[in-house]
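To start, the structure itself, in structure tokens.
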Amino acid sequence: MKIVIAGGGVIGLSCAYYLQKEGHEVILIDNTAMTDGASYGNAGHIVPSHFVPLASPGIIAQGMRWMLNSSSPFYIKPRLDMDLLRWGFAFWRHSNEKTMQQNIPHLHRLLTLSRELFEEMKNELGNNFFMKEKGILIVYKTKESEKHEQALAKLAEQMGMRSDILSEQQVQELESATTINVRGGVLYKDDAHLHPGLFTTTLSHYLVTKGVKIISNTAISGFEKSGNKISAVVTAHEKITADEFILANGAWLPELSKKLGIKILMQAGKGYSITYENYQPQLQYPAILVDHRVVTTPIGNDLRLAGTMEINTPGSPVMPKRVKAIVESVRKYYPDLDLPFTDATKAWSGLRPLSPDGLPYIGRHSTYVNLIIAGGHAMLGLSLATGTGKLVQQMIDQHQLSMAVDAFNCERFK
Ligand SMILES: Cc1cc2nc3c(=O)[nH]c(=O)nc-3n(C[C@H](O)[C@H](O)[C@H](O)COP(=O)(O)OP(=O)(O)OC[C@H]3O[C@@H](n4cnc5c(N)ncnc54)[C@H](O)[C@@H]3O)c2cc1C
């Protein structure tokens with residue numbers, strides 16, 4: 001089959017990877033050079049341990065408290081926008097214990113599938129993107145976080161994940177490079193990390209050698225349809241016909257799907273990363289500093305800090321106070337690290353595609369017989385990419401699916 005994929009982030013690339021393996025003719029189109037999207041500059045954590053979806057009890061109250069602080073890790077740009085209101089209402093409705101418990105098994109299965117598939121992909125591509133499988137540390141400073149994280153670690157063990165609950169001293173022994181100022185932590189041993197930019201560029205180069213046509217710096221501006229079938233995508237230069245179409249264009253999915261008359265409930269959650277090149281002393285472990293919602297990743301010779309969730313429109317300006325707050329938070333955990341902060345505009349920013357219940361959208365849309373949606377992976381796009389790509393390929397080839405996908409139905413908020 002001839003298949004067009006809209007979007008060259010980690011989700012579109014993973015779909016292309018599994019589809020070319022089955023012998024399909026794949027054309028992937030991205031409106032950028034594919035070196036700066038959410039998939040490129042993120043924290044690089046592959047986290048099967050993150051089985052609790054974003055919409056969970058307590059998140060709304062926490063978010064409200066954070067909204068009052070201009071350097072907190074969370075912000076919603078107030079605006080009169082029906083899509084934001086609908087999204088906010090749906091998010092509120094899903095942030096409860098019952099829905100969270102219903103959604104955990106689905107997210108867990110997709111995370112586990114993706115983690116297994118990553119192994120295969122790493123071996124096939126050659127690991128020149130610094131993938132390391134030594135685990136990721138969750139560290140906390142408060143008693144409440146300790147209680148919460150230890151309960152999660154026990155649940156993770158019951159679900160088959162390997163984790164160690166660590167005292168302050170045990171965390172320090174693991175992080176031997178520098179002082180770490182925490183109450184304790186959990187090491188999730190099945191988690192991994194990599195350089196996301198090198199990963200996506202390696203994957204796209206590999207795909208080109210396998211015959212995938214990648215058209216970059218070209219926006220899809222519309223579609224040609226006949227009845228319940230899409231016949232072509234339209235760009236400024238040409239019309240490209242195909243048998244199947246996959247929308248995997250991240251936080252811009254609602255904008256593009258509107259051109260097909262389809263409403264996808266999604267908001268963009270902007271985050272930042274700051275990378276210190278050739279950093280010494282290099283951290284031994286990537287870490288999630290839970291009380292400040294900031295993460296650190298040693299990527300090759302570099303050190304990356306990332307964080308902040310700003311619900312804002314694509315194209316909104318950088319908020320310097322929030323970028324600075326990321327660096328200041330990290331200093332509280334690693335007091336001896338030299339982390340100069342001069343210019344917020346040098347920070348990288350990316351948009352997390354947020355669905356209202358914390359589960360992605362993966363599947364066919366009933367309006368067209370040849371359309372698949374693959375998006376809304378929020379804070380977990382890298383961690384969920386391989387599983388998503390594999391499922392999309394299985395849908396197109398009408399093969400048995402590796403897991404049930406009803407929970408990811410892209411029409412669940414109709
Ligand atoms: C600060 C930060 C840290 C993060 N850390 C992690 C992490 O550690 N682990 C993890 O699993 N996830 C992480 N994430 C989340 C992850 O980055 C995203 O979930 C993931 O990158 C989404 O991938 P995507 O392919 O759906 O979207 P994108 O990577 O945004 O790709 C979509 C592409 O489609 C293109 N596009 C848009 N419109 C069009 C159009 N009309 N025509 C053609 N192309 C178009 C865009 O330009 C873009 O290149 C992080 C995100 C942020 C912001």
Side-chain angles (χ1 to χ4, degrees), residues 4-16 28-50 54 73 110-111 114-115 118 136 191-197 199-200 203-204 214-223 233-236 246-259 266 268-275 286 288 293-297 299 304-310 314 322-323 326 347-355 360-362 373-389:
V4 164
I5 301 174
V10 71
I11 301 299
L13 289 168
S14 297
C15 294
L28 181 145
I29 307 172
D30 194 281
N31 60 351
T32 68
M34 291 164 57
T35 52
D36 204 31
S39 301
Y40 196 80
N42 66 46
H45 292 194
I46 299 168
V47 278
S49 60
H50 277 42
L54 186 61
L110 187 55
L111 283 164
S114 300
R115 180 70 184 87
F118 244 110
I136 293 184
D191 287 357
H193 70 284
L194 50 69
H195 188 307
F199 173 65
T200 48
L203 182 51
S204 55
I214 296 189
I215 307 175
S216 54
N217 295 310
T218 303
I220 296 175
S221 53
F223 299 88
V233 290
V234 180
T235 73
I246 301 166
L247 298 194
N249 63 325
W252 297 267
L253 189 49
E255 192 182 300
L256 196 56
S257 62
K258 232 176 235 171
K259 298 186 192 240
M266 187 188 284
K270 188 173 182 169
Y272 302 101
S273 72
I274 302 136
T275 304
I288 300 174
R293 300 293 197 277
V294 166
V295 306
T296 56
T297 319
I299 306 184
R304 179 165 293 172
L305 321 180
T308 295
M309 176 77 86
E310 276 172 34
R322 289 179 196 277
V323 182
I326 295 174
W348 169 90
S349 67
L351 300 175
R352 303 176 186 91
L354 305 174
S355 71
Y361 298 113
I362 309 170
I373 307 269
H377 294 75
M379 304 144 84
L380 295 172
L382 175 64
S383 309
L384 295 170
T386 45
T388 301

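All ligand and atom numbering here is 1-based and tracks the order in the structure.
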Look at atom 46 (C) of ligand 1 and find which of Thr32, Asn249, Asn31 reaches it with the closest heavy atom.
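Residue with the shortest heavy-atom distance to the ligand atom: Asn31.
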
Residue pair Val295 / Leu305, side-chain heavy-atom distance below 4.5 Å:
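Contact flag for Val295/Leu305 side chains = no.
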
Do Met309 and Pro73 come close enough that some side-chain heavy atom pair is under 4.5 Å?
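Not touching, per the 4.5 Å side-chain cut-off.
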
How close does the nearest protein non-hydrogen atom get to [atom], and which residue and atom is it?
atom: atom 27 (O) of ligand 1; answer: Gly250 CA, 3.4 Å
atom: atom 29 (O) of ligand 1; answer: Ser39 OG, 2.5 Å
atom: atom 8 (O) of ligand 1; answer: His45 N, 2.9 Å
atom: atom 4 (C) of ligand 1; answer: Asn42 CB, 3.2 Å
atom: atom 31 (O) of ligand 1; answer: Gly9 CA, 3.4 Å
atom: atom 35 (C) of ligand 1; answer: Asp30 OD2, 3.2 Å
atom: atom 2 (C) of ligand 1; answer: Arg352 NH2, 3.7 Å
atom: atom 25 (O) of ligand 1; answer: Ile11 N, 3.1 Å

Test of proximity, [X] against ligand 1: N or O pairs below 3.5 Å:
X: Ala38; result: yes
X: Ser273; result: no
X: Leu382; result: yes
X: Met379; result: yes
X: Ala43; result: yes
X: Thr218; result: no
X: Ala248; result: no

For ligand 1, which atoms, with element, lie under 4.0 Å from some heavy atom of [X]?
X: Ile29; value: 43 (C), 44 (N)
X: Leu380; value: 10 (C), 11 (O), 12 (N)
X: Ile220; value: 40 (C), 41 (N), 42 (N), 43 (C)
X: Gly7; value: 33 (C), 34 (O)
X: Gly350; value: 53 (C)
X: Val10; value: 23 (O), 25 (O)
X: Trp252; value: 30 (O), 37 (C), 38 (N), 46 (C)

[X] side chain to [Y] main-chain N or O, any donor-acceptor pair under 3.5 Å?
X: Ser114; Y: Gly387; result: yes
X: Ser39; Y: Gly37; result: no
X: His45; Y: Val47; result: no
X: Asn217; Y: Ala33; result: yes
X: Thr218; Y: Ile215; result: no
X: Ser273; Y: Gly41; result: yes
X: Asn249; Y: Gly7; result: no
X: Arg115; Y: Pro48; result: no
X: Asp191; Y: Ser49; result: yes

Single hit among Thr275, Thr297, Thr296 for side-chain hydrogen bond (donor to acceptor under 3.5 Å, both in side chains) with Arg304:
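Only match with Arg304 under side-chain hydrogen bond (donor to acceptor under 3.5 Å, both in side chains): Thr275.
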
Could you give the distance from [atom1] ([X]) to [atom2] ([Y]), rounded to the nearest 0.5 Å?
X: Tyr361; Y: Leu253; atom1: OH; atom2: CG; result: 8.5 Å
X: Thr200; Y: Leu13; atom1: OG1; atom2: CG; result: 6.5 Å
X: Ser355; Y: Met266; atom1: OG; atom2: CE; result: 7.0 Å

Derivation and outcome, ring pair (Phe, Tyr, Trp, His ring centres under 6.0 Å), residues Phe118 and Phe199:
CA-CA 11 Å; Phe118 244 110; Phe199 173 65; 5.4 Å; yes

Determine, using heavy atoms of [X] and all atoms of ligand 1, whether some pair is separated by less than 4.0 Å.
X: Ala378; answer: yes
X: Gly44; answer: yes
X: Ala219; answer: yes

Ligand 1 versus Tyr272: contacting region, heavy-atom distance under 4.0 Å:
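The answer is the backbone.
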
Region of Thr297 that comes within reach of ligand 1 [heavy atoms, distance under 4.0 Å]:
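None of Thr297 does.
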
